[in-house]
2 protein chains.
Amino acid sequence: MGRPRGFDSDEALDRAMEVFWRHGYEGATIPNLTRAMGINRPSLYAAFGNKEELFRKALDRYAAGPTAFAREALAEPTARRVAESLLRGAVRMAADGRNPRGCLLVHGALACGEQAEPVRRELAVRREAGVSAIRERFERAVRENDLPAGTDCAGLARYVATVIYGLAVQAASGATGDELRRAAELAMRVWPG
Amino acid sequence: MGRPRGFDSDEALDRAMEVFWRHGYEGATIPNLTRAMGINRPSLYAAFGNKEELFRKALDRYAAGPTAFAREALAEPTARRVAESLLRGAVRMAADGRNPRGCLLVHGALACGEQAEPVRRELAVRREAGVSAIRERFERAVRENDLPAGTDCAGLARYVATVIYGLAVQAASGATGDELRRAAELAMRVWPG
DNA sequence: AAGGTTGTGTACCGGAGAGTACAATACCGT
DNA sequence: ACGGTATTGTACTCTCCGGTACACAACCTT
């Protein structure tokens, strides 16, 4: 009961995600957010708590939306195809004109003031979780004799993540989709075998 | 004539550089800066103009100091050694405990609010200048028959820069020096020949 | 139709940020 | 020693940020 909400919560969250993506956590102001979300201040606080909670919810939405390709990529049958899918997906997302350039996990708060420190740490944790997921997938590949025994799975996962996040930085510098694609293609030449 | 300055300008700039490096342009506050520089507000403005000018001067100092290795790397005799030196230098800098983690050109302002937009653009320009310098070095290598004719120098340069900046992100996530080193070593396996 | 409940709009608060006025201070040249 | 000059320290301004109080509006239940 009570007055019903005048906006769709998920749509508003998508808009918020985009603002954070484009301006980073600190660079995104509440007026920025409310304008993009089409709601006013008290509605934002009532629906999402505060700026930091809103950001975390936007992160979850980011994981479920623009970076859903990563989960699919990890399900590919071979390690090589996992890596290819990850890089291809990263390039496609970075080059997609509908999104802000780059990756929210990188642009959100690489460096920040004291206040945003919890957010920075959260992003670091999420990035590291990605590296771990890739490493575990490669370890499975070793067990399946898809990758040679003795492969440095941690190193390989770190390398793949390095290229992915590096591509996000390049996208932020204004590199074209084609340039990113060529760099990603080169990156795959590392592949053993 | 007049009262002499009570601090060394270059030393103060080094401290400012470190603060910007650690907290980014927006995250670094004037009180942060003055405290680290050991001077007070009006001295900062008198000596360096304003926050943005101070940042640009810190960038110049960054180019001359912590990233001086890049210039030396470009002077290596072969393209392969150029790439190796660049990656090795990037890892060494990122892992050096005396510095903040990562790279000022990346951490300074990947994404930001409206006010800092000129700074973000400046950083993007400087990063792209680095890519161009690497590309030109590789093009020279092709002319010298050091790299095979028809080599995609732009792609190769983009790739090397991608790895370097990706390493900066990894460092910000807390990756150890050893992890970075292994990733960089893998990255060199791309090398033709 | 009336009351309770929840969202909305305006207008506000405390605090922190960048930048500056002004008086006091320390040095130089004479 | 003394006056001119540039730096320093304190205290201030102005703006904008995140967050909230409070009155009003819209809906559901009975």
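All figures in this text were calculated on a predicted structure; none of them were measured in a lab.
- At a cut-off of 3.5 angstrom, the base of C:dT25 holds at least one donor-acceptor pair with the side chain of B:Arg3.
- Closest approach to the A:Asn50 side chain among D:dT8, C:dA18, D:dG19 is made by D:dG19 (side chain taken as heavy atoms from C-beta onward).
- For D:dT8, the OP1/OP2 oxygens have a side-chain nitrogen or oxygen of B:Ser43 closer than 4.0 Å.
- Nucleic acid contact for B:Pro42: base, since at least one base atom lies under 4.0 Å from a heavy atom of the residue.
- For the pair B:Glu117 and B:Arg120, the salt-bridge criterion is met [side-chain N within less than 4.0 Å of a carboxylate O].
- Between A:Leu54 atom CG and D:dG18 atom C1' the separation is 13 Å, expressed in whole Å.
- In this structure, the CZ atom of A:Phe48 is 12 Å from the P atom of C:dG7, given to the nearest Å.
- Mapped onto DNA chain D by nearest heavy atom, B:Gly2 and B:Ile39 fall at different nucleotides, with B:Gly2 at the one closer to the 5' end.
- Between B:Arg126 and B:Asp60 there is a salt bridge, with a side-chain nitrogen of the basic residue lying less than 4.0 Å from a carboxylate oxygen of the acidic one.
- Mapping B:Pro4 and B:Tyr25 onto DNA chain C by nearest heavy atom places B:Tyr25 closer to the 5' end of the strand.
- Between B:Glu18 and B:Arg15, none of the side-chain N atoms (NZ, or NE/NH1/NH2) sits under 4.0 Å from a carboxylate O, so this pair counts as no salt bridge.
- Taking 3.5 Å as the limit, the base of C:dG19 and the side chain of B:Arg41 contain a donor-acceptor pair of atoms between them.
- If you take CG of B:Leu44 and P of D:dT7, they are 13 Å apart, rounded to a whole angstrom.
- Straight-line distance from the CD atom of B:Gln115 to the C1' atom of C:dA16: 14 Å, rounded to whole Å.
- Protein atom NE2 of B:His23 is 12 Å distant from nucleotide atom P of C:dG17, rounded to whole Å.
- The nearest whole Å value for the distance from the CD atom in B:Glu26 to the P atom in C:dA16 is 18 Å.
- If you measure from atom CG of B:Asn40 to atom C1' of C:dA23, you get 14 Å, rounded to the nearest angstrom.
- Using cut-offs of 30° and 60° on the angle between ring planes, the pair B:Phe55 and B:Tyr25 is perpendicular.
- A salt bridge links A:Glu185 and A:Arg181; the closest N-O separation between the charged side-chain nitrogens and carboxylate oxygens is under 4.0 Å.
- Regarding B:Arg5, its CZ atom lies at a distance of 15 Å from the P atom of C:dC28, rounded to whole Å.
- Residue order along DNA chain D, read from the 5' end via each residue's closest nucleotide, puts B:Met1 first among B:Met1 and B:Ala46.
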